[in-house]
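We name chains A, B, ... by the order of the sequence lines, and we start the count at 1 in each one.
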2 protein chains.
Amino acid sequence: MVSPKTDTEQIRRENRRLLVETLRHQGPLARVELGAITSLSPATVTAITSELVAQGHLQELSSSEEPSGRGRPRVALSLVADSAHYIGIKISINEIRLMLGNYAGEVTKQFSVQLNTSALSPQQLVHELSGEVQRFIDKHHLQMAELKGIGLAVQGVVDQQHGGILWSPAFRQAQPGLAEALSQRFNLPALIANDADCLALALHTQPRYRDTKDLIAIQLGYGVGMGLIQNGQLYLGSRGAIAEFGHTKVSLDGPLCRCGARGCLEAYLGDYALLRDASAFVTLPPGDPMHPSEEQMQYIQKQASLGNENILHIYQQAGRMLGLGLSNLMALYNPEKIVISGPGVRAAPLSQDPIQEALQESLLPYLRDTDCVETHHWNEDLTGKGIIAMLQKMSD
Amino acid sequence: MVSPKTDTEQIRRENRRLLVETLRHQGPLARVELGAITSLSPATVTAITSELVAQGHLQELSSSEEPSGRGRPRVALSLVADSAHYIGIKISINEIRLMLGNYAGEVTKQFSVQLNTSALSPQQLVHELSGEVQRFIDKHHLQMAELKGIGLAVQGVVDQQHGGILWSPAFRQAQPGLAEALSQRFNLPALIANDADCLALALHTQPRYRDTKDLIAIQLGYGVGMGLIQNGQLYLGSRGAIAEFGHTKVSLDGPLCRCGARGCLEAYLGDYALLRDASAFVTLPPGDPMHPSEEQMQYIQKQASLGNENILHIYQQAGRMLGLGLSNLMALYNPEKIVISGPGVRAAPLSQDPIQEALQESLLPYLRDTDCVETHHWNEDLTGKGIIAMLQKMSD
DNA sequence: CCTCAATAATTTGACTGCTTAATTAAGAAT
DNA sequence: ATTCTTAATTAAGCAGTCAAATTATTGAGG
């Protein structure tokens, strides 16, 4: 039997995290306000915040604002954004992107590298990543002392416990021990996460979804990913890999999925599936069909918008299947919100109606009017914010 | 923003619960053993246990056992089984069963009443239940002082937060405010739970599944229910209703389900569905087709075993669909174990193979060899144990 | 029978955390 | 200048944990 025993230091850690997160979300706040929001006593707020001020993570704001009325004016506390830095690495097919996050949770620098990922061995991958990270550190003159962690966001199935990649479209082989290797190389904590989990976490920090206790994030793109917020926090299965929404079956004899089975949702919805199906009707812009480019996707989408019935039908079919999958998701999880994002939302106008239709057809009566599915634009890639947030959760 | 602030009393409550649950699971234990298992310090164990002894919930066992060897002999602590009582009520179609649970978590008395449930109004239901509970209390000479709570286990969709029944096959109408009404009538805490959640909780207390952090319980019977243990504890969605596994879609144009949609898993697997499908091929024993009796189910099952190809085919089809549903479940939740129980497991021999086949066909490669699905006999109804356990979790 | 060794259980002292209540701080109002 | 009001800090007290010391209870051995 495991023993989740609780002790007194855990309390402090929890409450500190609570305060810091409140400040991250609601901006600079005075101690009273923090107390009111968190329902911690003023004394506790003082104790924790003065500790954080001493460490340089918090800062009193010179209150040269509007006349605050009577009484001693409240002095706002704000996070010292550059009191800590985190490095996030997003690994995609043939591209890695490095991101610098600060204590406030913002992504301040980004840098992308093209790299033929698929053939890399674990050793080579560690070598490449280490090199890029070192260059990144040098370029931005980062002090090792203020670097607090490295986080990797990966498309595919990760083993978060052991810090490895079980399967990813970016690599031909598994990448075990990746986190450990990077951790040792830079003497920093390192973690690996699925990119859809990062999306879920990042969405959950946004004002619109902050108070949502149960949220499912669906990432449409090359594949179909899913991340899950339960009880206000990211849920990862006990085995570190969960929620392969893309590989739920929506038909018995559907198209072949790259996982080897038939009828997976992903085999209707994934970029590679859309492209494959569309290629029967139009000649595509050049490119590796296994790794669809944004141009290719834009192209077929445009064809559909321009009235190509065959391709429109592909999108509508995909929408219907997504609706079916979503209805199953709602039946099983009954979340407050399902947010669909990722590059694939570009096609939302084409498949919106079939999604809704399929949803309404399949939903349980008492779920039917809950309006919980929405899309979120993909103007910025939220993965970075997510991986930074994850790093922070483990370190503060 | 909600504030799950932590304080010192929470620690004590948690640790007390930990100790009591350890004793419930592993029987009488000495203080050292408790300390070792929970990894609480001896001092803490003493503090908490002496409090419980003073309250009469714990008792030192006169250690008249085997020579324990050198040293001061350990004195075992045991729960005082009748230091508290709980009343569990299982509400099924046309039957309510009252159960008495004690502090040790055992169900000691049971009593069933036949009752035409379907037409009852909320007022009538409260009236009937109150009457039965009062009779039950009188019959067993229960002291109100040692009664700690009333729990209802209901087939169907419950709203645990508000203590009401949203939908149940037992009733034509919703039953809002049921828990509150009973709570006031007897001046006791009252809660309502789904019966599959109870099953999940009860299974999780069994030795075989005690250390399973993530467990899904499937209850096959009139319908198809599901309960979920996550992170070692029962998970109920934020809205109190979750996991309608029976209403996940496994085919686009399947048979009609009582929920109004087509292709629900339940429309293949539920007793009412099996019976409906079988009725085309055999003449059934008499009975209300909407509420299949155990005799009817036994009858058609026997027909299948005796070689009726048509009926066998129904079971096999059901098995295939269950396999498909399970594979989706595994893709979405990736639990350590899925345990199938409920009266419907009687047909397990008939559908075992198709289940496995469908599973293997649909599973993701890296899940394919995990052997996580198993069945659990239905010799005893575990619902009672579950609802008692749920009451205990809220009160100790 | 007496002493010692071994183990169990309790007690004690130190530490940490939170809360309430009192105190101090810093301006606004008069 | 004095009073009022609100913010922040400090002080006192309590709850909880743990490590270490102490006490209790037995078996082993002379």
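- In this structure, the nucleotide among dG17(C), dG16(D), dA8(D) sitting nearest to the side chain of Ile11(A) is dG17(C).
- Side-chain polar atoms of Glu180(A) and Gln184(A) form a donor-acceptor pair below 3.5 angstrom.
- Here the closest heavy-atom approach between residue Leu391(A) and residue Ile87(A) is recorded as CD1-O, 3.8 Å.
- Closest to the Ala43(B) side chain, of the nucleotides dT12(C), dA9(C), dC18(C), is dT12(C).
- Between the CG atom of Leu40(A) and the C1' atom of dT19(C) there is a distance of 11 Å, rounded to whole Å.
- Separating the CZ atom of Arg31(B) from the P atom of dA24(D) is a distance of 15 Å, rounded to the nearest angstrom.
- Phosphate contact (OP1/OP2 of dC18(D), side-chain N/O of Thr44(B), threshold under 4.0 Å): present.
- Relative to the side chain of Val75(A), the nucleotides dT17(D), dA8(D), dT20(C) differ in distance, and dA8(D) lies closest.
- Around NE2 of His162(A), the count of heavy atoms belonging to other residues, nucleotides or ligands within 6.0 Å does not exceed 12.
- One finds a salt bridge joining Glu14(A) and Arg17(A) here, because a Lys/Arg side-chain nitrogen approaches an Asp/Glu carboxylate oxygen to under 4.0 Å.
- Note: CD (Glu60(A)) to P (dA8(D)) measures 8 Å, nearest angstrom.
- Between the CG atom of Leu61(A) and the P atom of dA8(D) there is a distance of 12 Å, rounded to whole Å.
- OP1 or OP2 of dA15(D) has not a single side-chain nitrogen or oxygen of Arg12(B) nearer than 4.0 Å.
- Taking the side chain of Glu9(A) as heavy atoms from C-beta on, and the options dA8(D), dT16(C), dT7(C), the nearest nucleotide is dT16(C).
- Without hydrogens or angle criteria, Glu336(A) side chain to Asp214(A) main chain gives a donor-acceptor distance under 3.5 Å.
- For Thr46(A), counting side-chain heavy atoms from C-beta on, the closest listed nucleotide (dA8(D), dG27(C), dC18(C)) is dA8(D).
- The distance between atom CZ of Arg13(A) and atom P of dC18(C), rounded to the nearest whole Å, is 12 Å.
- With hydrogens and angles disregarded, no donor-acceptor distance shorter than 3.5 Å links the side chain of Ser39(B) to the backbone of Ala36(B).
- Each end of the helix from dC1(C)-dG30(D) to dT30(C)-dA1(D) gets its own axis from five base pairs, and the two axes differ in direction by 30°, given to 10 degrees.
- Atom pair Ile48(B):CD1 and dA15(D):C1' shows a separation of 12 Å (rounding to whole Å applied).
- In this model, the phosphate group of dG16(D) is not approached by any side-chain N or O of Arg16(B) to a distance below 4.0 Å at OP1 or OP2.
- Residue Asn15(A) places no side-chain N or O under 4.0 Å from the OP1 or OP2 atom of dG17(C).
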**OP:** Verify ring pair (Phe, Tyr, Trp, His ring centres under 6.0 Å) between Tyr235(B) and Tyr333(A), making sure each step is shown before the conclusion.
**Re:** CA-CA 10 Å; Tyr235(B) 182 75; Tyr333(A) 281 104; 8.2 Å; no
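- A straight line from CG of Leu18(B) to P of dG16(D) spans 15 Å, rounded to a whole angstrom.
- Computed from coordinates, the Gln10(B) CD to dG16(D) P distance equals 12 Å when rounded to whole Å.
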